[in-house]
Amino acid sequence: MSAAHTRPAENGARPVRLPWWAVALAVVSFVALLFVISPAAEAEAAGVPPAMASVIHFLARLLGAGV
């Protein structure tokens, strides 16, 4: 069934369908903002901070990169 032919809900509200890239863009923006606001004094010179590494690892697993 096509999205153009869906019936509206009984209370008159219309269902909202987001494309996949809208959700991905929001997640990427959120992670980028977290990275920007992290204090620079706590940054490690020889790599990624452990918290950021775990977030990157989780996102890689979520996207199926198999890291």
Side-chain angles (χ1 to χ4, degrees):
M1 179 179 269
S2 164
H5 298 293
T6 57
R7 285 185 6 198
E10 303 235 350
N11 61 2
R14 296 184 66 188
V16 177
R17 294 181 53 134
L18 289 175
W20 67 268
W21 53 265
V23 177
L25 183 62
V27 170
V28 168
S29 299
F30 181 74
V31 170
L33 284 174
L34 282 177
F35 184 71
V36 167
I37 65 171
S38 66
E42 296 179 11
E44 297 177 16
V48 179
M52 187 58 67
S54 65
V55 169
I56 292 171
H57 185 64
F58 173 73
L59 289 175
R61 283 193 336 227
L62 184 67
L63 296 174
V67 176

State which residues pass side-chain contact (heavy atoms from CB on, under 4.5 Å) with L25; sequence neighbours excluded, sorted by chain then number. S29

Sequence neighbours excluded, which residues qualify as side-chain contact (heavy atoms from CB on, under 4.5 Å) partners of V28? none

Other hydrophobic cluster members with V23, side-chain heavy atoms of Ile/Leu/Val/Met/Phe/Trp/Tyr under 4.5 Å, chained? L18

Kindly indicate, with the supporting measurements, whether the criterion side-chain contact (heavy atoms from CB on, under 4.5 Å) is fulfilled by L59 and V27. CA-CA 10 Å; L59 289 175; V27 170; 4.2 Å; yes

Which residues end up grouped with W20 if you chain together Ile, Leu, Val, Met, Phe, Trp and Tyr wherever their side-chain heavy atoms are less than 4.5 Å apart? W21

